[in-house]
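Notes to accompany the following structure.
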2 protein chains.
Amino acid sequence: MQDLPLNQILCGECIETMRALPDGSMDCIFADPPYNLQLRGELRRPDESVVDGVDDAWDKFADYATYDNFTREWLAEARRLLTKDGTIWVIGSYHNVFRLGAIMQDLGFWILNDIVWRKANPMPNFRGRRFTNAHETLIWAARGPESKYRFNYQAMKALNDDVQMRSDWYLPLCTGNERLRNAHGLKLHPTQKPESLLHRVLIASTVVGDIVLDPFSGSGTTAAMAKRLGRHFVAIERHPDYIEAARARVEAETRLSDEQLAITPAKREIPRVPFGSFVEQGLLPAGTVLFDRQRRVSATVMPDGSLVSGAHRGSIHKMGAQLTGAPSCNGWTFWFFEREGEIVTLDILRTEQSRAPLLNVG
Amino acid sequence: MQDLPLNQILCGECIETMRALPDGSMDCIFADPPYNLQLRGELRRPDESVVDGVDDAWDKFADYATYDNFTREWLAEARRLLTKDGTIWVIGSYHNVFRLGAIMQDLGFWILNDIVWRKANPMPNFRGRRFTNAHETLIWAARGPESKYRFNYQAMKALNDDVQMRSDWYLPLCTGNERLRNAHGLKLHPTQKPESLLHRVLIASTVVGDIVLDPFSGSGTTAAMAKRLGRHFVAIERHPDYIEAARARVEAETRLSDEQLAITPAKREIPRVPFGSFVEQGLLPAGTVLFDRQRRVSATVMPDGSLVSGAHRGSIHKMGAQLTGAPSCNGWTFWFFEREGEIVTLDILRTEQSRAPLLNVG
DNA sequence: AGGAAAATTGAATCGTAAC
DNA sequence: GGTTACGATTCAATTTTCC
C-alpha cells in the first residue's frame, strides 16, 4: 500500500493499468464501464431538435462476445485488486447490466444488492414506443460469499430519515453547474454521474482513509467525492481531455473536516427526533409557513407538529407526498422555511440539533 | 390457433409442455421462473421468529451452469412460441435476473425496457447488513430487433395521470384477501405476484383477444388476470396443489365487459381520413387560406386537397415541412384557419368528424 | 432589477399504414 | 416484400432571454 499511486488520475488503458497495481490493495471499487448502447439512427424530439446521444468510439463493440471478453478481463483484474473484505460497485443500464451481473457471479463476486438509481429528471421517450427509461442499475458485490464487507447501516438509515435505506434511490441527474463543460460550453463527458450518487456509495461502503479505485474515471466524480469525503482514490482514464479536467476538478475540491466526516456510529442508533419536538421547544414556532424548493406548495406548522394545507393535515412526510402526488417523501429535505431573511431547509433543525447535544429530546 | 389448449392450466414440466405447442402461437409471454435463491440456513427476525422464505425444492439448482442450461432451454422454447411481433416479460431478483437477461440477449430477444417493481411494503433487512431489498426487476423484450411489438402507450399514460409511464413501478405486495391460502391459513405459494402487476403488464402489451402464455403459472395470477381482461391464456404448472387452486381461482374470476375493457386508443390506430375528403364535402372550401400558429407562413387550399404557396404545391404535411425547413411535419396540427371569426386548428376537422359518424367519408 | 416566458437538455438500443 | 408518404411524439430542472 506504500507504493500505490494514491490520489492520482492515471493515464492509460483500464485493464493494462490495473495489472500494474498490487493484489488486495483496494478497499472499494466504483466502476462505470461503457454501456454498449447500440444506438441506430438519430433521434429527434417532437420539436425537431436532435438528441445528443452517446456516439463515442469507446462505447462501440463489435458484438456481445467482444463486450463480454472485455468485461470479464477488467472485472477479473478488479477482483484481484480488491481486499478480502472489499466491495465493488458497477453501474449499468439494461443494455449491459445483465452481462455485467452474470460475469460478476461467474468470477466469484457475491452480490449484496442491486440498487436502482431512479432518475428524478430522465429524458422522456419521445416517440411513445416504450416506457420512459427512468433508471440505471448499480450492482453492489463483495469479493466472495465469505467477505466481511463493510456496510454503514446506521449512516444509511440516518440519511434516510431513520428508516432503513431501500434498494431504490431517487436522485437527480448531473446538470447545471455540477456538469463539467468544455470551452464551447458543451458537456465535457456524455455520462458524468451526479456527486450525490457517489456520495451515497462512498458513505455506505467505505470509511475515512479507505482506498477507492475507479477504473473508468471519466470526468472524475469518484475521485472528487473521495477527496471531499476523506477517502483515498486511484483513478484510471485514457482520454487526455477527461484527465485534465478531472485533475483540475479534484484540485478544486476540499476535504471535509474530521468533525463533518464523523458518520453515525454503527453501535447504537441515535434517538429519533420527532419533528414535533422542535415545535415544542420553540425552535420552529407553530404558524411558520413551509414551502418546497420551487415554492409550488406550502403548508403551515401546527402546534402538535403536524402540517396543514387547505383541507389536508398530516406529518411533514405525508404532506410532502400528498401535495406532490408522490408515493412517499422525505419531509426533512422537502420543506423549506424563511429564517432571518434566508431560505433554509427544514433539515437544518436536525443538523443544528446534533451539534448541540444539550437540547436532547430523545 | 385452433388446437391450442386455450384458457387451460396444463399440468406438466414447463419445457416439455411448451414443446407440444406450435410455433408463433403466443402473442405475449409472462414468466416468473425459479429464483435460484441460495439462502444459507434459516433467516430469523430479531424476535427469533423464522422467516418463511423460498425453500421449495423447485427453487434449488446445483450451480449457475445448471440454472443457465435450464434457463436457456425454456427461453428458447418461449421464443419459438412467440409470434413475430410478440413480447415477453420475465421477472427476477438480483439472484437470477442477470443470468436471465444475458441469456435472453444471447438468444436474440431484443430488450425494450427493464422495469423495476418497487415494492410498497418490502420485507425489511433484519440483520442490517444490506440495503432493504425493496424491488424486483422485469425484463420486457421483443422477439427480435425488427419486431413491431405492441405497446399501448396512451393507456399507460392515462394510467399515470397523463404523463408517460416510467420504468419504475410502485406497487404493493400481494397480501390480504388476494393471497391464496391453504387449509391451514398459510400462504399457498411463496411468490404469488400481485394482480396489479399483471394488470399493468397485460394492459401495456396486449389487446383483447390476445393469447398469453405463462410457463410457470404457480398460483395462477396471469391466468386470472388474462380472463378478467378478456385475454386468452395458456398456463403451465407442474405442482398439483397449485393447479387445483389456480383452476378454482380462474373459475371464480369474471371477464370484464367490453365497455370496461376499452382503453385509451392510440391515435395511430384511428383510421386515417385524407385531408382532401373535407374539401370535397365542402367542410373546408377550396380557396381557404391556412397559416401556422405564429402566422409566419400561409398557403391556399386547392380543390384536390393540395396546398399552394408561391411556387410550391403539395400535401398539408409536405408544405408544412417545406415552408419551415423541417424534415417532417404533421400538417393536421401545424396549420390553422379562420372560421366564424375564430382561429382554429386544422385538426378540428378530424375531431368533429369522429364525433359525427353520419358524415362518414370512409 | 425583477419576474415571466422561452429555450435548453439528459447513457435512447424511440414508425408504420397503405400502396 | 419493397417503397412511399403520412403524421405521431416530451418531462423536469436549469438556464437564458425577454419584457
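Predicted, not measured: the structure shown is a model, and the values here were computed from it. Residue numbers start from 1 in every chain, and the chains themselves are labelled A, B, ... in the order their sequence lines are given, proteins ahead of strands.
- Between Asn36(A) and Gly185(A), the residue whose closest nucleotide on DNA chain C is further toward the 5' end is Gly185(A).
- dT17(D) and dA1(C): their C1' atoms are spaced 15 Å apart (whole Å).
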key: Working for side-chain hydrogen bond (donor to acceptor under 3.5 Å, both in side chains), residues Ser49(A) and Asp47(A)   = CA-CA 6 Å; Ser49(A) 60; Asp47(A) 66 3; 2.7 Å; yes
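- The side chain of Trp332(B) has dG7(D) as its nearest neighbour among dG7(D), dT9(C), dT15(D).
- The distance from atom NZ of Lys60(A) to atom C1' of dA11(C) is 12 Å, rounded to the nearest whole Å.
- Across all strands shown, Glu146(B) has no heavy atoms under 4.0 Å from either base or sugar-phosphate atoms.
- Rounded to whole Å, the distance from NZ on Lys187(A) to P on dT15(D) is 15 Å.
- For Asn177(A), the listed nucleotide lying nearest its side chain is dT15(D); candidates were dA11(C), dT9(D), dT15(D).
- The closest side-chain heavy-atom distance from Trp140(A) to Asp114(A) is not below 4.5 Å.
- Contact annotation for Cys329(B): base contact, defined as any heavy-atom pair under 4.0 Å involving a base atom.
- Between Glu42(A) atom CD and dG15(C) atom C1' the separation is 15 Å, expressed in whole Å.
- With dA12(C), dA8(D), dT10(D) as the choices, the nucleotide that has an atom nearest any side-chain atom of Lys157(B) turns out to be dT10(D).
- If you measure from atom CD1 of Ile316(B) to atom P of dA8(D), you get 9 Å, rounded to the nearest angstrom.
- Residue-level contact check: Ser93(A) touches neither bases nor backbone, having no heavy atom under 4.0 Å from any strand.
- Between Lys148(B) and dG15(C) there is no side-chain polar atom (N or O) within less than 4.0 angstrom of OP1 or OP2.
- In this structure, dA5(C) forms a base pair with dT16(D), meeting either the Watson-Crick or the G-U wobble geometry with both donor-acceptor distances under 3.5 Å.
- With respect to the salt-bridge test (charged N to carboxylate O, under 4.0 angstrom), the residues Lys267(B) and Glu269(B) do not qualify.
- Side-chain proximity of Arg272(B) to dA12(C), dC11(D), dC6(D): nearest is dC6(D).
- Note: Phe70(A) and Phe61(A) meet the aromatic proximity criterion, with ring centroids under 6.0 Å apart.
- Using a 4.0 Å heavy-atom cutoff across all strands shown, Trp117(A) reaches no nucleic acid atom at all.
- For Arg129(A), a side-chain nitrogen or oxygen approaches OP1 or OP2 of dT16(C) to under 4.0 Å.
- Under 4.0 angstrom from either OP1 or OP2 of dA8(D) there lies at least one side-chain N or O belonging to Asn330(B).
- Comparing the P positions of dG7(D) and dG10(C) gives a spacing of 33 Å, expressed to the nearest Å.
- Between Trp117(A) and Trp169(A), the gap from one ring centroid to the other reaches at least 6.0 Å.
- One finds no side-chain N or O of His317(B) lying less than 4.0 angstrom from the OP1 or OP2 phosphate oxygen of dC6(D).
- Pair assignment for dT9(D) gives none, since no Watson-Crick or G-U wobble pairing has each distance under 3.5 Å.
- Across all strands, Val51(A) comes closer than 4.0 Å to base atoms (heavy-atom distances).
- If you take NE2 of His189(A) and P of dG10(C), they are 13 Å apart, rounded to a whole angstrom.
- Distances shown here put every side-chain N or O of Asn121(A) at or beyond 4.0 Å from the OP1 or OP2 atom of dT14(D).
- Residue Arg350(B) has a polar side-chain atom (N or O) positioned under 4.0 Å from OP1 or OP2 of dA8(D).
- When heavy atoms are screened at a 4.0 angstrom cut-off, Asp32(A) is found touching base atoms of the nucleic acid.
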request  = Begin from the C-alpha positions of Glu136(B) and Tyr94(B) and carry the test side-chain hydrogen bond (donor to acceptor under 3.5 Å, both in side chains) through to its verdict.
outcome  = CA-CA 8 Å; Glu136(B) 290 184 31; Tyr94(B) 69 81; over 6 Å; no
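- Pro122(A) comes within 4.0 angstrom of a nucleotide base, judged by non-hydrogen atoms across all strands.
- When distances run from any side-chain atom of Arg179(A) to the nucleotides dA8(D), dC11(D), dA11(C), the shortest one goes to dA11(C).
- Under 4.0 angstrom from either OP1 or OP2 of dG10(C) there lies no side-chain N or O belonging to Gln192(A).
- Look at CH2 on Trp110(B): it is 11 Å from C1' on dA12(C), rounded to the nearest Å.
- The side chain of Tyr153(B) places no N or O atom within less than 4.0 Å of a non-bridging phosphate oxygen (OP1 or OP2) of dG15(C).
- Atom C1' of nucleotide dA13(D) and atom NZ of Lys119(A) are separated by 14 Å, given to the nearest angstrom.
- Counted within 6.0 Å of CD on Glu338(A), heavy atoms from surrounding residues, nucleotides or ligands total more than 12; the atom is thus considered enclosed.
- For Ser315(B) and dC6(D), the shortest distance from a side-chain N or O to OP1 or OP2 is below 4.0 Å.
- A distance of about 13 Å separates the P atoms of dA8(D) and dA18(C), rounded to the whole Å.
- If you check every strand for non-hydrogen atoms under 4.0 Å, Ala266(B) touches nothing.
- Sequence order on DNA chain C of the closest nucleotides to Ser147(B) and His95(A) puts His95(A) first from the 5' end.
- If you take CG of Leu173(A) and P of dT15(D), they are 13 Å apart, rounded to a whole angstrom.
- Within the 4.0 angstrom heavy-atom criterion, only backbone atoms of the sugar-phosphate kind lie near Asn133(A); the bases stay farther away.
- Using P as the reference atom, dC14(C) and dA12(D) are 23 Å apart when rounded to the nearest Å.
- Comparing dC11(D), dA11(C), dT13(C) against the side chain of Gln164(B) picks out dC11(D) as the nearest.
- Counting any heavy atom pair closer than 4.0 Å across all strands shown, Ile111(B) reaches a base atom.
- Both Arg181(A) and Glu48(A) lie near DNA chain D, and the one whose nearest nucleotide falls closer to the 5' end is Glu48(A).
- When each of Thr175(A) and Pro124(A) is assigned the nucleotide of DNA chain D bearing its nearest heavy atom, the one mapping closer to the 5' terminus is Pro124(A).
- For dT13(C), the base is syn relative to its sugar; the glycosidic angle is within 90° of 0.
- Contact annotation: side chain of Arg45(A) to base of dT9(D), donor-acceptor pair absent below 3.5 Å.
- The nucleotide dC14(C) finds no pairing partner, because no Watson-Crick or G-U wobble arrangement with both distances shorter than 3.5 Å includes it.
- Nucleic acid contact for Pro271(B): none, since no nucleic acid atom lies under 4.0 Å from a heavy atom of the residue.
- Taking a cutoff of 4.0 Å between a charged side-chain nitrogen and a carboxylate oxygen, Asp52(A) and Lys187(A) qualify as a salt bridge.
- Contact annotation for Gly41(A): base contact, defined as any heavy-atom pair under 4.0 Å involving a base atom.
- Checked against the 6.0 Å centroid threshold, Phe216(A) and Phe30(A) do not count as a close aromatic pair.
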ask   = Should Asn36(A) and His95(A) be marked as a side chain to side chain contact (heavy atoms under 4.5 Å, CB included) after you check the CA-CA gap, both sets of side-chain angles, and the distance that decides it?
value = CA-CA 7 Å; Asn36(A) 190 21; His95(A) 310 84; 5.6 Å; no
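- Taking atom P on both dC6(D) and dA11(C), the two are 36 Å apart, rounded to the nearest angstrom.
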